[in-house]
A.B. asks: 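One structure coming up, written as structure tokens, with questions to follow.
The residues of the chain are indexed from 1 along the displayed sequence. Nothing here was measured: the structure is a model prediction, and the numbers come from that model.
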Amino acid sequence: MNLLPHSKNRSFLVVFLFCLFLPWCVAGCSDDPSDPSWNTGWVVGSSTGDGYGVILHTDNGGASWVRQGRQGMVPDVDLVDIRALDETNVWAVGFSDSGYGTILRTWDGGRNWFRQGDRSMLPDVIFSGIGVVDGDTAWVCGGKGTILRTTDGGMNWEIQSAPGVLTSADLYVIAAVDRSNAWIVGDEDGGYAVIYRTVDGGTSWTRQGTAEMVKAKGLIDISAVDGNTAWAVGVDETILKTANGGAVWTVQKTWVPNMGPHINGVCALDTLNAWIAVDSDIMACTTDGGRNWTETRIPASVGDGYHLICVSAPNMTTLWVTGISFLGRSPFGEVLHTRDGGEHWVRQDIPVDTMLRRVSFAGAPK
């Protein structure tokens, strides 16, 4: 099921499934999941209509989640993406409020959130993706082909692509490698999904792939290992990978159009290891660069009836997953956690009943 935050077709709002993991997917991985920085994370979600948007925080690995912000500090809008640079520096983006898209920043671990930009600086579109390089440099992408960049921590935002200039397609997710290199994926333009790449800090953006190469009508997520290697995933269970900076994108998996489930999230650890999140309680992983993907299903006793949305993982054994109920169950959103590569799962308690979108933990690539 597709739940993109702002599509030309409102039914194309993508309900993402989030990562479930198999024990045999972690063969050969010896990462130590005891690093305390991995305990600190954030989740954003849809507005509950109570005066301010939903930002949830944990400092104990999700044993407990608390809501951050308050009325007047965080706009009462859907928040779509969040990226934790470390345990104190975090950025979030979401729907438009007061005539411009929402960008939020905290420097103190979320005790205080500050809205960035204003109507004179930011367009009136939904911001759905944030790519963070360091405390100064970040990109934001959004509706109608919008791309913004800051190099001063968010005090000023440069519009690198105004709505409708580069493309009319909605842009969903950014994978920022460094201050020069980044990828963006999104909706279709010209009959196939867009992939844009910059190698000069966004001075120029080049579309990559062809209709035959990309195939998908929409790409939902992208995760980059470095300037050469990235995975992109999307509708109809499409998995694409590049190992040469995007000169060639190889289809690793795709179903018959409009018949397959959608892959909603991808988190790449290195050139061989990655997780993907699929519709209907399904998770898959690869340990050989995507030549083979092994699927499994979240146990019904833990979270049956959820589309999994996003995964944040510091290694191949430790991950957090968000999900959205497609059966109308309560809670509407869920957070799942495993420390043994998916052999055992814990459903974590969350303080609000709302659609949870993306999750990000300090120390994880996403």
A.B. asks: Using the rule that two of Ile, Leu, Val, Met, Phe, Trp, Tyr join whenever any of their side-chain heavy atoms come within less than 4.5 Å, decide whether Trp249 and Val199 are in one cluster.
C.D. replies: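 Unlinked, Trp249 and Val199 end up in two clusters.
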A.B. asks: What are the two closest heavy atoms between Ser128 and Asp81, and how far apart are they?
C.D. replies: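 So the two residues come closest at O-CB, 3.4 Å.
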A.B. asks: For the backbone of Val44 and the side chain of Arg358, can you confirm whether one donor and one acceptor N or O come within less than 3.5 Å of each other?
C.D. replies: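 Judged by distance alone, no pair lies under 3.5 Å.
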A.B. asks: Measure across Met213 and Gly209 and return the closest heavy-atom pair with its distance rounded to 0.1 Å.
C.D. replies: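 Looking at all heavy atoms of both residues, the shortest contact is SD-CA, 3.6 Å.
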A.B. asks: Is the shortest heavy-atom distance from the side chain of Ile55 to the side chain of Trp113 under 4.5 Å?
C.D. replies: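 Contact flag for Ile55/Trp113 side chains = yes.
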A.B. asks: Under the salt bridge (Lys or Arg N to Asp or Glu O under 4.0 Å) rule, collect the residues that match up with Arg115, sequence neighbours excluded.
C.D. replies: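 If we apply the salt bridge (Lys or Arg N to Asp or Glu O under 4.0 Å) test to Arg115, skipping adjacent residues, the hits are Asp97.
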A.B. asks: Working to the nearest 0.5 angstrom, can you tell me the gap between Arg83 CZ and Leu85 CG?
C.D. replies: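 Atom-to-atom, Arg83:CZ and Leu85:CG are 11.5 Å apart.
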A.B. asks: At their closest point, which heavy atom of Gln68 faces which heavy atom of Arg111, and how far apart are they?
C.D. replies: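 Scanning both residues completely, I find the closest heavy atoms to be NE2-N, 4.3 Å.
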A.B. asks: Is it true that the side chains of Asp236 and Thr238 contain a donor and an acceptor less than 3.5 Å apart?
C.D. replies: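 Side chains of Asp236 and Thr238: no pair found under 3.5 Å.
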A.B. asks: Within the structure provided, determine whether Val359 and Val321 are in side-chain contact (heavy-atom separation under 4.5 Å).
C.D. replies: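 No - every pair of side-chain heavy atoms lies 4.5 Å or more apart.
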A.B. asks: Report the distance from atom CD1 of Ile174 to atom CD1 of Ile222, rounding to the nearest 0.5 Å.
C.D. replies: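 The distance works out to 10.5 Å.
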A.B. asks: Considering all heavy atoms of both residues, which atom of Pro314 and which atom of Pro365 are nearest to each other, and what is their separation?
C.D. replies: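 Looking at all heavy atoms of both residues, the closest pair is CA-CD, 4.3 Å.
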A.B. asks: Nearest 0.5 Å, what's the CG-CZ distance between Asp281 and Phe326?
C.D. replies: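 Answer for the CG-CZ pair, Asp281 versus Phe326, is 5.0 Å.
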A.B. asks: With a cut-off of under 6.0 Å to the ring centre and 45° to the axis, is Arg149 in cation-pi contact with Trp139?
C.D. replies: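 Ring-cation test returns yes.
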A.B. asks: Do Trp205 and Gln160 pass the side-chain contact (heavy atoms from CB on, under 4.5 Å) test, and can you show the C-alpha distance, the side-chain angles, and the key distance before you say yes or no?
C.D. replies: CA-CA 9 Å; Trp205 289 88; Gln160 294 188 332; 3.1 Å; yes
A.B. asks: Taking C-beta and beyond as the side chain, do Trp345 and Ile298 meet within less than 4.5 Å on heavy atoms?
C.D. replies: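 Yes, at least one pair of side-chain atoms sits under 4.5 Å.
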A.B. asks: Whether the side chain of Asn60 engages the backbone of Ser64 through a donor-acceptor N/O pair (distance < 3.5 Å, no angle test) should be reported.
C.D. replies: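 Yes, the answer is positive, given that a donor and an acceptor are paired below the 3.5 Å cut-off.
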A.B. asks: Any pair with a residue in residues 124-133 that passes salt bridge (charged side-chain N to carboxylate O under 4.0 Å, His left out), sequence neighbours left out, goes on the list, sorted by first then second residue, please.
C.D. replies: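 Checked against salt bridge (charged side-chain N to carboxylate O under 4.0 Å, His left out) - neighbours excluded - no pair reaches residues 124-133.
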A.B. asks: Output, in order, the C-alpha distance, side-chain angles, deciding distance and verdict of side-chain contact (heavy atoms from CB on, under 4.5 Å) for Val248 and Thr250.
C.D. replies: CA-CA 6 Å; Val248 175; Thr250 301; 4.1 Å; yes
A.B. asks: Under a 3.5 Å distance rule, please check whether Lys241 uses its side chain to pair with a backbone N or O of Gly290 as donor and acceptor.
C.D. replies: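 Absent.
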A.B. asks: Report yes if some heavy atom in the side chain of Ile239 is under 4.5 Å from a heavy atom in the side chain of Ile276; otherwise report no.
C.D. replies: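 With C-beta onward as the side chain, the pair touches.
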A.B. asks: Is a donor on one side and an acceptor on the other found under 3.5 Å between the side chain of Thr317 and the backbone of Gly341?
C.D. replies: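 Between the backbone of Gly341 and the side chain of Thr317 there is no qualifying donor-acceptor contact (under 3.5 Å).
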A.B. asks: Check side chain to side chain donor-acceptor pair (under 3.5 Å) between Thr354 and all other residues, then give those that pass, not counting sequence neighbours.
C.D. replies: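 Not a single residue meets the side chain to side chain donor-acceptor pair (under 3.5 Å) criterion with Thr354.
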A.B. asks: Does the His307 side chain pair with the main chain of Ser280, one donor and one acceptor, at a distance under 3.5 Å?
C.D. replies: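 Flag set: sc His307 to bb Ser280 pair under 3.5 Å.
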A.B. asks: Please round to the nearest 0.5 Å and tell me the distance separating atom CZ of Arg339 and atom CG of Asn315.
C.D. replies: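 Reported value, rounded in 0.5 Å steps: 9.0 Å.
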A.B. asks: Measure the shortest side-chain to side-chain distance between Arg67 and Thr48 over non-hydrogen atoms and say whether it is less than 4.5 angstrom.
C.D. replies: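 Yes; the side chains approach each other to less than 4.5 Å.
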A.B. asks: Is the shortest side-chain heavy-atom distance between Thr206 and Tyr196 below 4.5 Å?
C.D. replies: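 Counting from C-beta outward, Thr206 and Tyr196 never come under 4.5 Å.
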A.B. asks: Between Trp275 and Leu319, does a side-chain contact (heavy atoms from CB on, under 4.5 Å) hold up when you go through it step by step?
C.D. replies: CA-CA 10 Å; Trp275 297 333; Leu319 70 147; 2.9 Å; yes
A.B. asks: Sorted by first residue and then second, give each salt bridge (charged side-chain N to carboxylate O under 4.0 Å, His left out) pair with at least one member in residues 154-163; sequence neighbours left out.
C.D. replies: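 Qualifying pairs, neighbours excluded: none.
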A.B. asks: Excluding sequence neighbours, so at least two apart, what forms side chain to side chain donor-acceptor pair (under 3.5 Å) with Thr242?
C.D. replies: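 If we apply the side chain to side chain donor-acceptor pair (under 3.5 Å) test to Thr242, skipping adjacent residues, the hits are Asn244.
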A.B. asks: Do Val214 and Val251 share a hydrophobic cluster, counting only Ile, Leu, Val, Met, Phe, Trp and Tyr and linking them when any side-chain heavy atoms are less than 4.5 Å apart?
C.D. replies: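 Looking at the clustering, Val251 is in the same group as Val214.
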A.B. asks: Going by the salt bridge (charged side-chain N to carboxylate O under 4.0 Å, His left out) test, which pairs reach into residues 191-216, not counting sequence neighbours?
C.D. replies: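 Every salt bridge (charged side-chain N to carboxylate O under 4.0 Å, His left out) pair that includes a residue of residues 191-216, provided the two are not neighbours, is Glu212-Lys215.
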A.B. asks: Suppose we screen for side chain to side chain donor-acceptor pair (under 3.5 Å). Which residues come up paired with Asp108, at least two apart in sequence or across chains?
C.D. replies: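 Testing Asp108 for side chain to side chain donor-acceptor pair (under 3.5 Å), a comparison that skips the adjacent residues, returns Thr106, Asn112.
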A.B. asks: If the condition is salt bridge (Lys or Arg N to Asp or Glu O under 4.0 Å), which residues does Asp134 pass it with, not counting sequence neighbours?
C.D. replies: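 If we apply the salt bridge (Lys or Arg N to Asp or Glu O under 4.0 Å) test to Asp134, skipping adjacent residues, the hits are Arg179.
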A.B. asks: What heavy-atom pair brings Ile263 and Ile220 nearest, and what distance separates the two atoms?
C.D. replies: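 Minimum heavy-atom contact is O-CD1, 3.5 Å.
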A.B. asks: For Thr146, which residues count as a side-chain contact (heavy atoms from CB on, under 4.5 Å) partner, sequence neighbours excluded?
C.D. replies: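 By the side-chain contact (heavy atoms from CB on, under 4.5 Å) rule, Thr146 matches Pro123, Val125, Phe127, Leu148, Pro163.
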A.B. asks: Quick test of your reading: applying salt bridge (charged side-chain N to carboxylate O under 4.0 Å, His left out), list the pairs with at least one residue in residues 70-80, sequence neighbours left out, ordered by first then second residue.
C.D. replies: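 Every salt bridge (charged side-chain N to carboxylate O under 4.0 Å, His left out) pair that includes a residue of residues 70-80, provided the two are not neighbours, is Asp78-Arg357.
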A.B. asks: Looking at Tyr100, is its backbone amide N or carbonyl O close enough to the side chain of Ser96 to form a donor-acceptor pair, meaning the two atoms are under 3.5 Å apart?
C.D. replies: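 Present.
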A.B. asks: Considering residues at least two apart in sequence or located in another chain, which fulfil the side chain to side chain donor-acceptor pair (under 3.5 Å) criterion with Arg347?
C.D. replies: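 Expected list: Tyr306.
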A.B. asks: Before you tell me yes or no, could you show the steps for Ser47 and Val77 under side-chain contact (heavy atoms from CB on, under 4.5 Å), namely the whole-Å CA-CA distance, both residues' side-chain angles and the distance that decides it to 0.1 Å?
C.D. replies: CA-CA 5 Å; Ser47 169; Val77 297; 5.7 Å; no
A.B. asks: Hey, does Thr286 have a side-chain heavy atom less than 4.5 Å from the side chain of Trp231?
C.D. replies: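 They are in side-chain contact.
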A.B. asks: Given Val194, which of Val185, Asp187, Leu171, Ile184 fulfils the side-chain contact (heavy atoms from CB on, under 4.5 Å) condition?
C.D. replies: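 Passing option: Leu171.
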A.B. asks: Heavy-atom distance under 4.5 Å between the side chains of Ser168 and Lys144, does that happen here?
C.D. replies: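 When only atoms from C-beta onward are counted, Lys144 and Ser168 do not touch, as no gap falls below 4.5 Å.
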A.B. asks: Backbone N or O of Trp107 within a donor-acceptor pair of the Asn89 side chain at under 3.5 Å?
C.D. replies: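 It does not hold such a pair.
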A.B. asks: Would you name the heavy atoms of Gly145 and Ser161 that are closest together and state the gap between them?
C.D. replies: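 The pair with the smallest heavy-atom distance is O-OG, 2.8 Å.
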A.B. asks: Using only atom types and a distance under 3.5 Å, with no angle test, would you say the side chain of Lys217 pairs donor to acceptor with the backbone of Gly191?
C.D. replies: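 The answer is yes, because a donor-acceptor pair under 3.5 Å joins these two groups.
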A.B. asks: May I ask you to decide if Ala169's main-chain N or O and Thr167's side chain share a donor-acceptor pair within less than 3.5 Å?
C.D. replies: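 Checking the backbone N and O of Ala169 against the side chain of Thr167, a donor-acceptor pair under 3.5 Å is found.
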A.B. asks: Please answer whether the main-chain N or O of Thr137 pairs with a side-chain N or O of Thr150 as donor and acceptor at a distance below 3.5 Å.
C.D. replies: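 Not a single qualifying donor-acceptor pair exists.
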A.B. asks: Go through the structure and list residues passing salt bridge (Lys or Arg N to Asp or Glu O under 4.0 Å) with Asp304, not counting sequence neighbours.
C.D. replies: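 Listed in chain order: Arg329.
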A.B. asks: Hey, could you give me the CG/CD1 distance between Asp118 and Ile103, rounded to the nearest 0.5 Å?
C.D. replies: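 With rounding to 0.5 Å, CG (Asp118) is 10.5 Å from CD1 (Ile103).
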A.B. asks: With rounding to the nearest 0.5 Å, note down the distance linking OG1 in Thr271 to CG in Asn273.
C.D. replies: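 It comes to 8.0 Å.
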A.B. asks: Could you label the plane-to-plane angle of the Trp320 and His337 rings as parallel, tilted or perpendicular, counting under 30° as parallel and over 60° as perpendicular?
C.D. replies: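 Ring orientation, 0 to 90° scale: parallel.
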A.B. asks: Does the side chain of Trp183 come under 3.5 Å of the side chain of Gln208 through a donor N or O and an acceptor N or O?
C.D. replies: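 A donor-acceptor contact under 3.5 Å links the two side chains.
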